[in-house]
Amino acid sequence: MSHLPFRQIHLDYHTSQHIPGVGDQFDVKEFADTLEKARVNSITCFARCHHGLMYFDSEVHPERVHPNLENKNMLVEQIAELHKRGIRVPIYTTVQWDEYTSEHHPEWHVIGEHGGMTAGLYEATFRRTLCVNSPYRAFLKDHLKDMFSQFPVDGLFLDIVKTIDCSCRWCRAGMKEQGLNASDKAARMTYAVEMMKEFKEDLSTFIREHNEECEIFYNQGHISPDTRESLHNYNHLEVESLPSGEWGYGHFPTVVRYARTLGADFMGMTGKFHTSWADMHSFKNQAALEYEIFHMIAMNGKCSIGDQLHPNGKISDDTYDLIGSVYSQVEKKEPWCAGAKAMTDIGVLNPEEFRLTIEHSDQAKVLQGVTRILAEAGHQFDIIDTKATFEDYKLLILADEVEVSAPLAERLEQFTENGGKILATHKSGLNPEGTAFASDLFGVKRVGEAPFSPDFLMPEGMIGQGLRKTEHVMYQKGLQVEALAGSEVLCETYVPYFNRTWEHYCSHMHTPSTEKAGYPGVVQKGNVIYFMHPVFNQYVQNAPLWVKRMVLNAIEGLLPQPTLRHSGPASVIAAVNEQSAENRAVVHLLHYIPESKSDETLIIEDVIPLHELKLSLNMVEKVAKVTCVPEMSVLEHKVVDGRLEFVLPKLNGHQIIELQYA
C-alpha cells in the first residue's frame, strides 16, 4: 500500500561554523505557513549536516551543536508545528560526510590504496568520506538514539551511504580475517559490498529496536540492482536526480523505470536550483520544474523538491511561490496517480546487474540509449533485472552489453517458447566469458570483433521501412557473426575499402563503402532479432536517426500491437498506467524540450503546445468514456481494428487522460 505523501520538500541546511547568527530569523509560524501555502505535505528537516553540526540541543553530543545556532530548539519547533498541521517531517542526518568528525577523528576516514583520504586537507569541501566499518558506527548509533529520545522521528534520510574501496585498518583487518588479499582492488570491493550490506542490516535493526515506526532510506544518489539485495532495510526509495546538475536529463527517465519495479513505494527528487545542490539564490524555470515533477507522477512516483534554508533560518517566499505553483497542480492531479501501476509491453534487462554500479555517474549509458529510443516512440517499458518475471512482458530487450549465463539462457529459451519476443544487440547474449553466444536462440555464431569500423548497414525489407536503400554508416565497432541454420539475414553489413590508418586513409573521416556485403548485420531466428552493432550506445553518442528507425522497425516486427501509439513528435513523453481500484486506465502526456543554451546546463524555458494529437491504444478492457482530467472535459472516442482511438485537441505541457472502463 502506498504511504508516501505526494508533495515533499528536501530542505538542506549544510551551514558553515564560520557563519554567525544561524537561525536568528527563524519564525516557526512563518515557516509552517509558507510550506502550507505552497501545498507541501512532507518536509525533510535537518538534525545534522555535512559540516558535522547539529540543529537541536543534543544531550549526548553538545560539542557538535552548531556553535552559532541562536535557537537550540529549532528542529524541535519545526517538527511540533508541522505535525500540528498534518505535515510529515522525516529527519536528515549525514552518514559518510562529516567535517567535524573528519577533523576530530581522522582515523575513521576511508583510506585509499596509497594511504590518502577521498579529498585533500586543503580542498574547499567536506567530502572526506568516513568508513562505517570503523568505531564511527558506534557514534552514529549514539546520535540516532539521542534523536529518538528528544523528538518524534517520522523517518530517517540517511545520506551518503556508498560502497567504497577502503584500506583503513578496520577494513584491512576484516579482509585478513576473511582470507582476502587487501592489496587487490577486486578483493577490496568484494569486501566493501558485503560490509555495506551488513552495515545497513545492523543500522536498520538498531533503528527499528528504538523506533519501530520510523521509516528508513539510505541515499547513494542512484538506484541500481545492488539496492534490491538490501531493500528489506528500507521503507521506501528516493530517486535523487537533479537533471540540471551532474545527473543530467538522461538519468531519471532510466533509473525510475528500474526503481518502480522493485515493489517499494518511491519518490523522485529534483531541486529548485538552476543547477545543483546549494546553488544559493537561484531559481529553476517554472517550465523545467513542472516537467521534472510531472514526469515523476507519470512514472507513478511521489515528488520531492530540494531546497536549502538560508543560514538565518528565514524561509524564502519566492522559492515557495515557485514550488507552490507546481505543487498546487500536483494536488489536483493526485486522484489519477494514487495507487497507479504502469501498463508495459517491454522489459529491458539492466546490465548494471552484472557489474558494480554505485554512483549515478556509474550508470550504464546504454540504458539511456534504450530509454531515449523507446520513449521517443511512445513505447511502454520497464527496466528490469533477472529476478523479474519475464512473462509479465511481451518483448525483452538485451541492449549491447547484457551477458547471459547458462541459467539465464534457459529462462530466455523458455520465454520465447511461450511466445515471448527478444531483441538483442552487439555483445548481449554472449556468455560471461564473452567467448561465444550462450544459446542458439540468438540465431548467430560469434566470429570475433568486426574487421572494419566504421562499416555500413544496408537497410531493406522490414528493417528498412522509412529509410533509403543505400549504405548507412555505423560508427561504433560491431561484433562479426555468422547466421546459424534456420536464421534469416534481414540486413547485410557492407564494408569499406580499408580501415583508416596513417598508411591508408581517404578524405577527412572514414573510408567509403566498397558497395559489397561483408557479414550479417541484422539476423532473425523465430521470435528473436539480433543486431551486430552497439546500436543503443551509438544512439547515446550521436543519435543517428537511421539507427533509431532500424531498431524501431525491428520492434514493430516483434511487437505489432503496442499499448500506445501517438502522432506527436519524438519530444512527447507518454505513459499509460492503470488504477484497478478505480476501474480505469490513465494516460500521461508531457511535452517539454530541454535546450542546449549554455555550455554546462540544459534549459527548459518555454512550454510549446501541440495540437490535434492522435492517440491509439491497445486496450484489453472496454473503455466507456475518455476524459481530460482534472479539467473533466470529455473526448470523443472510437474503436478501429480493435484499438481505441481519440484526438487530444491541445497538449500544453502536461495532460492526464482518464480511460474509464465500461
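Here, residue 1 is the first one in the sequence, and each next residue gets the next number.
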Around [X], counting heavy atoms of other residues, nucleotides and ligands shown, do more than 12 lie under 6.0 Å from its [atom1]?
X	atom1	result
His310	NE2	yes
Lys141	NZ	yes
Glu63	CD	yes
Lys145	NZ	no

**Request:** Quick one: sort the His210 and Phe206 rings into parallel, tilted or perpendicular, breaks at 30° and 60°.
**Result:**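 Taking Phe206 first and then His210, their aromatic rings sit tilted (interplane angle of 30° to 60°).
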
**Request:** Would you please classify the geometry between the Phe126 ring and the His50 ring as parallel, tilted or perpendicular, with 30° and 60° separating the classes?
**Result:**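 Rings of His50 and Phe126: tilted, 30 to 60°.
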
**Message:** Measuring only between side-chain heavy atoms, which start at C-beta, is Arg85 closer than 4.5 Å to Asp33?
**Reply:**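 Yes, close enough: below the 4.5 Å cut-off.
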
**Asked** Does some side-chain heavy atom of Phe199 sit less than 4.5 Å from a side-chain heavy atom of Val161?
**Response** yes

**Prompt:** Do we get Lys314 above Phe31's six-membered ring, with its NZ or CZ under 6.0 Å from the centre and within 45° of the axis?
**Reply:**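 Lys314 over Phe31 ring: no.
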
**Message:** Under 6.0 Å from the ring centre and within 45 degrees of the ring axis: does the NZ or CZ of Arg64 meet both conditions for the six-membered ring of Phe139?
**Reply:** yes

**Asked** In this structure, which one of Asp318, Asp321, Leu289 forms a side-chain contact (heavy atoms from CB on, under 4.5 Å) with Phe283?
**Response** Asp318

**Item:** The single option from Cys303, Ser241, Pro243, Pro253 passing side-chain contact (heavy atoms from CB on, under 4.5 Å) against His295
**Value:**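 Exactly one candidate clears the test, Pro253.
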
**Complete:** Shortest non-hydrogen pair, Ser282 vs Phe273, comes out as OG-CA, 3.5 Å

Please answer whether the main-chain N or O of [Y] pairs with a side-chain N or O of [X] as donor and acceptor at a distance below 3.5 Å.
X	Y	result
Glu605	Ala287	no
Ser204	Glu201	no
Arg128	Thr125	yes
Asn219	Leu158	no
Asn41	Arg7	yes

**Fill in**
Between Tyr13 and the options Phe56, Phe46, Tyr55, the ring pair (Phe, Tyr, Trp, His ring centres under 6.0 Å) test singles out Tyr55

**Request:** Show your working on ring pair (Phe, Tyr, Trp, His ring centres under 6.0 Å) between His654 and His588 and close with a plain yes or no.
**Result:** CA-CA 7 Å; His654 178 226; His588 289 256; 5.3 Å; yes

**Prompt:** Going by an N to O cut-off under 4.0 Å, is there a salt bridge joining Lys185 and Glu113?
**Reply:**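 Salt bridge: no.
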
**Request:** Report the C-alpha distance between His222 and His251 in whole Å, list the side-chain angles of each, state the deciding distance to 0.1 Å, and finish with yes or no for ring pair (Phe, Tyr, Trp, His ring centres under 6.0 Å).
**Result:** CA-CA 9 Å; His222 184 59; His251 177 261; 5.1 Å; yes

**Prompt:** Looking at CD1 of Ile91 and CD of Glu215, how far apart are the two atoms once the value is rounded to the nearest 0.5 Å?
**Reply:**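 Rounded to the nearest 0.5 Å, the CD1-CD separation comes to 12.5 Å.
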
**Message:** To the closest 0.5 Å, what do you measure between NE2 (His10) and CG (Asp307)?
**Reply:**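 The CG atom of Asp307 is 10.0 Å from NE2 of His10, to the nearest 0.5 Å.
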
**Asked** Partners of Ala80 by side-chain contact (heavy atoms from CB on, under 4.5 Å), sequence neighbours excluded?
**Response**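 With sequence neighbours excluded, Ala80 shows a side-chain contact (heavy atoms from CB on, under 4.5 Å) to no residue whatsoever.
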
**Prompt:** Which residue pairs pass the ring-ring contact (aromatic ring centres under 6.0 Å, His included) test with at least one member in residues 351-372, sequence neighbours excluded?
**Reply:** Trp247-His360

**Asked** Strictly by modelled atom types, are Gln363 and Gln368 linked by a side-chain donor-acceptor pair under 3.5 Å?
**Response** yes

